[in-house]
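To start, the structure itself, in structure tokens.
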Amino acid sequence: MRILATAALALTAAATPALAQDGSFQGPRAEIVGGWDHVEGADQNASGFVYGGAAGYDLQRGNAVFGVEGEITGSTAKKTENDVTLKAGRDFYAGVRAGYVILPSTLLYVKGGYTNARVIGETADVHVADNLDGFRLGAGLERSFGKFYGKVEYRYSNYSQDVERHQVLAGLGVRF
């Protein structure tokens with residue numbers, strides 16, 4: 001929760017004159033992310049906290065921004081019902097994003113790509129960990145503060161075996 005509070009504070013600080021410098025959305029970047037994670041599958045669902053990191057590269061031409069990114073996250077999502085436990089494990093993502101600078105230093109973007117999640121099912125006698133392939137779609141808002149940035153993002157992932165995931169995250173990053 002501390003990551004979310006810090007990201008929210010960074011995004012609301014946009015009116016502070018010291019931070020109100022125009023930022024570029026060009027070049028390599030690295031970030032930390034955290035937020036709400038909800039996994040649905042096999043007539044069960046689980047919610048928890050998602051956390052992790054990402055890296056990417058963006059190319060800006062005028063107000064248009066195009067980029068590639070990769071991400072690794074973990075999750076605390078876990079629920080036991082009828083002696084069956086559903087847990088979300090690590091998640092790998094590789095994809096692209098496209099955005100448009102809507103205000104000075106503010107980027108509105110959409111994203112999509114490949115994702116692979118580990119989902120764990122357990123009973124008293126059986127432990128099954130599946131790596132599920134799928135796709136991710138999302139949208140977000142990113143605010144630049146010079147070489148640093150903050151973002152908020154919603155994303156939807158759909159995996160094999162009828163497993164779906166909804167996430168709402170905040171992130172803090174730096175451009176190199």
Side-chain angles (χ1 to χ4, degrees), residues 1-16 18-39 47-77 88-118 133-159 164-176:
M1 296 309 271
R2 189 175 287 175
I3 292 172
L4 287 175
T6 304
L9 180 61
L11 289 172
T12 58
T16 306
L19 296 175
Q21 38 187 310
D22 286 342
S24 169
F25 295 97
Q26 171 96 12
R29 60 185 167 82
E31 64 193 34
I32 58 170
V33 294
W36 175 73
D37 187 22
H38 182 76
V39 180
S47 292
F49 184 75
V50 61
Y51 54 90
Y57 186 88
D58 293 319
L59 182 63
Q60 183 173 356
R61 294 294 179 253
N63 285 346
V65 176
F66 303 96
V68 296
E69 59 189 358
E71 180 180 276
I72 301 172
T73 58
S75 178
T76 65
R90 60 101 187 117
D91 186 64
F92 298 129
Y93 167 76
V96 297
R97 73 180 194 161
Y100 192 79
V101 179
I102 57 172
L103 296 170
S105 302
T106 304
L107 176 70
L108 181 63
Y109 64 89
V110 295
K111 66 189 293 179
Y114 167 80
T115 182
N116 178 279
R118 174 161 286 186
D133 295 319
F135 67 89
R136 176 176 295 162
L137 300 173
L141 187 69
E142 185 174 305
R143 174 78 179 168
S144 175
F145 303 105
K147 71 184 270 185
F148 299 99
Y149 63 91
K151 73 177 193 175
V152 292
E153 180 176 289
Y154 166 79
R155 62 236 200 135
Y156 166 79
S157 299
N158 187 304
Y159 303 97
E164 295 182 339
R165 183 178 235 160
H166 299 271
Q167 297 173 318
V168 178
L169 296 106
L172 295 173
V174 61
R175 290 194 182 276
F176 303 101

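Throughout, residue positions are numbered sequentially from 1 according to the sequence presented.
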Give me the atom names and distance for the closest heavy-atom approach of [X] to [Y].
X      : Y      : result
Leu172 : Gly150 : CD2-CA, 4.2 Å
Val50  : Trp36  : CG1-O, 4.0 Å
Val39  : Ala88  : CG2-CB, 3.8 Å
Pro28  : Tyr57  : N-CD1, 3.3 Å
Val168 : Tyr154 : CG2-CD1, 4.0 Å
Arg29  : Glu69  : NH2-OE1, 3.0 Å

Return the [atom1] to [atom2] distance between [X] and [Y], rounded to the nearest 0.5 Å.
X      : Y      : atom1 : atom2 : result
Arg118 : Ser75  : CZ    : OG    : 14.0 Å
Phe66  : Arg61  : CZ    : CZ    : 10.0 Å
Leu107 : Lys151 : CG    : NZ    : 10.0 Å
Arg175 : Ser24  : CZ    : OG    : 6.5 Å

Considering residues at least two apart in sequence or located in another chain, which fulfil the side chain to side chain contact (heavy atoms under 4.5 Å, CB included) criterion with [X]?
X      : result
Leu137 : Phe135
Val110 : Ala139
Val96  : Val68
Ile72  : Phe92

Backbone of Gly134 reached by a side-chain donor or acceptor of Thr115 within 3.5 Å: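 Checking the backbone N and O of Gly134 against the side chain of Thr115, no donor-acceptor pair under 3.5 Å is found.
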
Polar side-chain atom of Tyr93 near backbone of Gly112 as donor-acceptor pair, under 3.5 Å: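 Side chain of Tyr93 to backbone of Gly112: a pair is present.
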
Among all residues two or more places apart in sequence or in another chain, which pass the side-chain hydrogen bond (donor to acceptor under 3.5 Å, both in side chains) test with [X]?
X      : value
Glu164 : Tyr156
Arg90  : Asn116, Asn131
Tyr100 : Asn63
Thr73  : none

Residue pair Val33 / Gln167, side-chain heavy-atom distance below 4.5 Å: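 Heavy-atom side-chain distance check fails, nothing below 4.5 Å.
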
Tell me, do Thr76 and Tyr51 make a side-chain contact under 4.5 Å, heavy atoms counted?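 Yes, close enough: below the 4.5 Å cut-off.
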
Mind checking what makes salt bridge (charged side-chain N to carboxylate O under 4.0 Å, His left out) contact with Asp91, not counting sequence neighbours?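 Result, salt bridge (charged side-chain N to carboxylate O under 4.0 Å, His left out) vs Asp91: Arg136, Arg165.
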
Are any of the side-chain nitrogens in Arg155 or Glu71 under 4.0 Å away from the carboxylate oxygens of its partner?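 Result for this pair is yes, salt bridge flagged.
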
Tell me the salt bridge (Lys or Arg N to Asp or Glu O under 4.0 Å) pairs involving residues 98-108, sequence neighbours left out?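 Salt bridge (Lys or Arg N to Asp or Glu O under 4.0 Å) check on residues 98-108 returns no pairs.
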
Sequence neighbours excluded, which residues qualify as ring-ring contact (aromatic ring centres under 6.0 Å, His included) partners of Tyr114?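 In terms of ring-ring contact (aromatic ring centres under 6.0 Å, His included), with neighbours along the sequence ignored, Tyr114 is linked to no residue.
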
Apply the test side-chain contact (heavy atoms from CB on, under 4.5 Å) to residues Glu31 and Val174: give CA-CA distance (whole Å), side-chain angles for both, the deciding distance (0.1 Å), then the verdict. CA-CA 6 Å; Glu31 64 193 34; Val174 61; over 6 Å; no

